Amino acid sequence: MSNGIYKVPLAVNEPVLNYAPGSAERVELKNALAAGRATIKDIPMYIGGKEIRTDKKKKLSPPHDHQHVLGYYHEGDASHVKQAIEAALAAKSAWASLEWEQRAAIFLKAADLLAGPYRPIINAATMLGQSKNAYQAEIDAACEMIDFLRFNVQYMHEIYNQQPVSSKGVWNRLEQRPWKVSCLPLTPFNFTAIAGNPPSSAAMMGNTIVWKPANSAIYAASVLMEVFMKAGLPAGVINLVFVSGPVAGDVIFKHPDFAGIHFTGSTEVFRSVWGEIGKNIAAYKSYPRIVGETGGKDFIVAHASADVDVVVTALSRGAFEFQGQKCSAASRAYIPASLWPEVKKGMLRDLQSMKMGPTENFENFINAVIDEKAFDKITSYIENAKNSKDVEIIAGGKFDKTKGYFIEPTILLANKPDYLTMCEEIFGPVLSIYVYDDNKFEETLDIVDRTGIYALTGAIIAQDRYVIDAAMKKLVNAAGNFYINDKCTGAVVGQPPFGGARGSGTNDKAGSMINLLRWVSPRTIKETFVPAVDYKYPFLNKD
Ligand code: NAD
């Protein structure tokens with residue numbers, strides 16, 4: 001039992017390294033990439049602190065070079081999910097009763113390992129495994145993950161510090177208990193940090209975890225697991241299994257001890273997961289917490305008063321960085337007719353200068369999309385566009401999967417605002433643009449608000465302050481992260497936390513105190529020093 005009320009180190013955002021030619025970080029990263037390419041990794045599951053290997057080895061390859069073998073992961077089945085639940089339950093009591101500052105120290109150490117010796121390793125894993133360029137890997141796998149770990153420790157401390165008032169003769173206290181049972185993060189391919197945050201944040205609050213990453217992100221997830229263990233995470237606190245989503249779901253969603261899910265992925269899968277949980281609700285010992293961070297159809301609206309260069313840059317970066325595979329990526333834009341010729345010119349100039357190729361060549365801004373399934377889905381939208389009279393392809397439109405899953409950054413000009421690609425999440429380097437009559441700005445805001453099922457991110461680009469105010473009001477429910485004169489991507493932990501509503505999720509803002517509160521169950525304690533000894537109140541006395 002600690003006899004001190006400890007402060008925690010003040011969290012500050014990890015500085016982003018720039019990897020410019022001649023920099024030390026560039027040399028280190030290139031060495032890590034070469035080492036990653038030269039090694040064939042054997043990646044086990046981790047259950048109860050043990051490395052688990054099976055006879056089902058699955059190949060891992062860079063999306064930009066799908067014939068190259070990075071390594072193999074050991075695929076599990078339902079029996080491994082059951083073992084992982086048992087391991088999590090076995091670890092529960094010791095972990096939940098460990099002093100909070102000991103838990104904090106483990107994750108602060110993990111942050112320092114990622115900021116130091118593991119930085120080139122986690123970035124190289126993300127560049128090779130998920131085809132992110134050096135800068136995109138740095139802001140995600142290194143900086144965002146480090147920020148999640150450090151800021152979450154600070155939020156945990158703030159949460160524990162929030163105590164009720166006490167009246168005379170009474171002491172009211174509040175403690176934040178972890179859930180008695182296991183939590184399941186199902187995590188996506190597109191951000192190493194967004195995959196690493198759900199298991200580590202729920203574990204930090206005292207829970208034990210079964211973590212199932214997306215198959216296409218196992219390479220980086222295994223590095224994070226190595227970091228957590230090196231930081232001193234005890235056996236069984238986070239159990240990492242490699243099974244398909246439905247296999248994990250089938251075991252976990254029927255388990256009476258299932259306590260909560262932090263899902264990050266597509267809206268369609270989340271809806272089916274919620275349905276499964278609903279079907280089993282009577283079987284659970286407690287109502288599970290359901291957190292979902294899901295899809296988006298994120299917008300940029302430019303007003304006639306906008307600075308054209310700001311619009312062009314917001315679109316070029318917002319739509320095409322990481323091949324548009326960010327949940328926040330700009331995928332629909334509304335441009336006033338008066339600005340369109342200049343915006344178009346600027347975008348064509350930008351796209352012409354964007355090089356596409358493997359991540360190991362640092363000159364490439366565009367790399368490959370994650371896998372063949374994604375490639376086929378994204379290119380089907382482009383094929384449809386080629387055959388539609390409602391849309392014109394004004395840039396890109398070519399693709400090739402011979403060596404890697406490469407799709408040119410593509411701009412579609414839709415002649416109606418409800419054309420398919422203006423409404424559906426494509427999750428690739430395809431930006432749809434609708435050009436509106438300058439006099440119809442207000443109507444356009446209404447269209448933005450009611451198009452599609454999502455409400456994740458969006459931006460207004462304008463210089464006129466009345467216009468900004470009008471857009472903020474009309475679009476109040478259209479985005480959980482709203483930007484003014486900026487692209488609609490790039491949320492930073494500790495600054496604006498991230499998440500959306502409507503079809504985009506439960507808006508439990510990853511990277512904030514709001515999110516950590518989902519992984520605890522408060523208990524209030526009231527102690528009365530001199531308790532009443534007679535049930536009768538004075539008002540009961542005769543007049
Ligand atoms: P996905 O839905 O295909 O997979 C997410 C996770 O769910 C994976 O681990 C997957 O294996 C698992 N899964 C798949 N089917 C399942 C099932 N039937 N039962 C249980 N689990 C199942 O998503 P993805 O392709 O990995 O990621 C891209 C999606 O994630 C996009 O829609 C994107 O917008 C979204 N995303 C959202 C956020 C956010 O913060 N809102 C962040 C990142 C990604």
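Note that the structure is a prediction, hence the values are computed from the model and not measured. We count ligands from 1, going down the list as the structure has it; atoms in each ligand are counted the same way. Count residues from 1 along the sequence. Computation of the quantities below employed the complete heavy-atom set of this structure, encompassing side-chain atoms and omitting hydrogens, waters and symmetry-equivalent molecules.
If you check which protein heavy atom lies closest to atom 14 (C) of ligand 1, you get V269 CG1, 3.8 Å. The protein non-hydrogen atom at the shortest distance from atom 32 (O) of ligand 1 is E425 OE1, 2.8 Å. What sits closest to atom 10 (C) of ligand 1 on the protein, heavy atoms only, is K212 NZ, 3.9 Å. In terms of protein heavy-atom proximity, atom 38 (C) of ligand 1 is nearest to C327 SG, 3.1 Å. Of the protein's heavy atoms, F189 N, 3.2 Å lies nearest to atom 26 (O) of ligand 1. Nearest protein heavy-atom neighbour of atom 28 (C) of ligand 1: F427 CE2, 3.5 Å. Protein heavy atom in closest approach to atom 41 (N) of ligand 1: T294 O, 2.8 Å.
Nearest to atom 35 (C) of ligand 1 by heavy atom, out of G265, A329, P188, is G265. For atom 1 (P) of ligand 1, the nearest non-hydrogen atom from the set S266, S504, G500, G499 comes from S266. By heavy-atom distance, the residue among T187, L184, L186 lying nearest atom 9 (O) of ligand 1 is T187. Scanning A221, A217, G245 for the heavy atom closest to atom 19 (N) of ligand 1 points to G245.
Of the candidates W211, Y72, Y73, F242 forms a ring pair (Phe, Tyr, Trp, His ring centres under 6.0 Å) with just one, namely Y73.
With respect to K285 and D257, a salt bridge is recorded, a charged nitrogen being found less than 4.0 Å from a carboxylate O. Between K132 and E138 there is no salt bridge, since no side-chain nitrogen of the basic residue lies less than 4.0 Å from a carboxylate oxygen of the acidic one.
Applying the salt bridge (charged side-chain N to carboxylate O under 4.0 Å, His left out) definition to pairs two or more places apart or across chains, none involves residues 194-223.
Proximity of I122 to T192: side-chain heavy atoms (C-beta onward) are separated by under 4.5 Å at one or more points. Counting only heavy atoms from C-beta outward, the side chains of N207 and P178 approach each other to under 4.5 Å. Counting heavy atoms from C-beta outward, I447 and Y334 have side chains that approach closer than 4.5 Å.
The N190 neighbourhood of ligand 1 comprises atoms 43 (C), 44 (C), with distances under 4.0 Å to a heavy atom of that residue. In the vicinity of F498, heavy-atom distances shorter than 4.0 Å reach the ligand 1 atoms 39 (C), 40 (O). The distance from ligand 1 to the heavy atoms of P213 drops below 4.0 Å at these ligand atoms: 9 (O).
Remark: distances from the non-hydrogen atoms of P246 to ligand 1 include one below 4.0 Å. Taking 4.0 Å as the cut-off, A214 counts as a neighbour of ligand 1 on heavy-atom distance. The closest approach between a heavy atom of A248 and any atom of ligand 1 is not below 4.0 Å. By the 4.0 Å heavy-atom criterion, F191 is excluded from the residues contacting ligand 1.
The part of L456 lying near ligand 1 is the side chain, judged by heavy-atom distances below 4.0 Å. Only side-chain heavy atoms of F263 come within less than 4.0 Å of ligand 1; its backbone N, CA, C and O stay farther off. Of the heavy atoms in T264, both backbone and side-chain atoms come closer than 4.0 Å to ligand 1.
The aromatic rings of W95 and F107 sit perpendicular, their planes meeting at an angle over 60°, well past the 30° parallel limit. Ring geometry for W274 against F270 counts as perpendicular: the plane angle is over 60°, on a 0 to 90° scale with 30° as the lower cut.
Using modelled atom types, one finds a donor on one side chain and an acceptor on the other under 3.5 Å when comparing Y19 with N123.
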In a table with atom names and distances, give each donor-acceptor pair under 3.5 Å that connects a side chain of residues 219-227 to protein atoms at least two apart or in another chain.
residue : atom : partner : partner atom : Å
S222    : OG   : Y219    : O            : 2.9
E226    : OE2  : Y118    : OH           : 2.8

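Side-chain atoms of N133 do not come within 3.5 Å of backbone N or O of T359 as any donor-acceptor pair.
The two atoms that bring I218 and P213 nearest to each other are CG1-CG, 4.1 Å, heavy atoms only.
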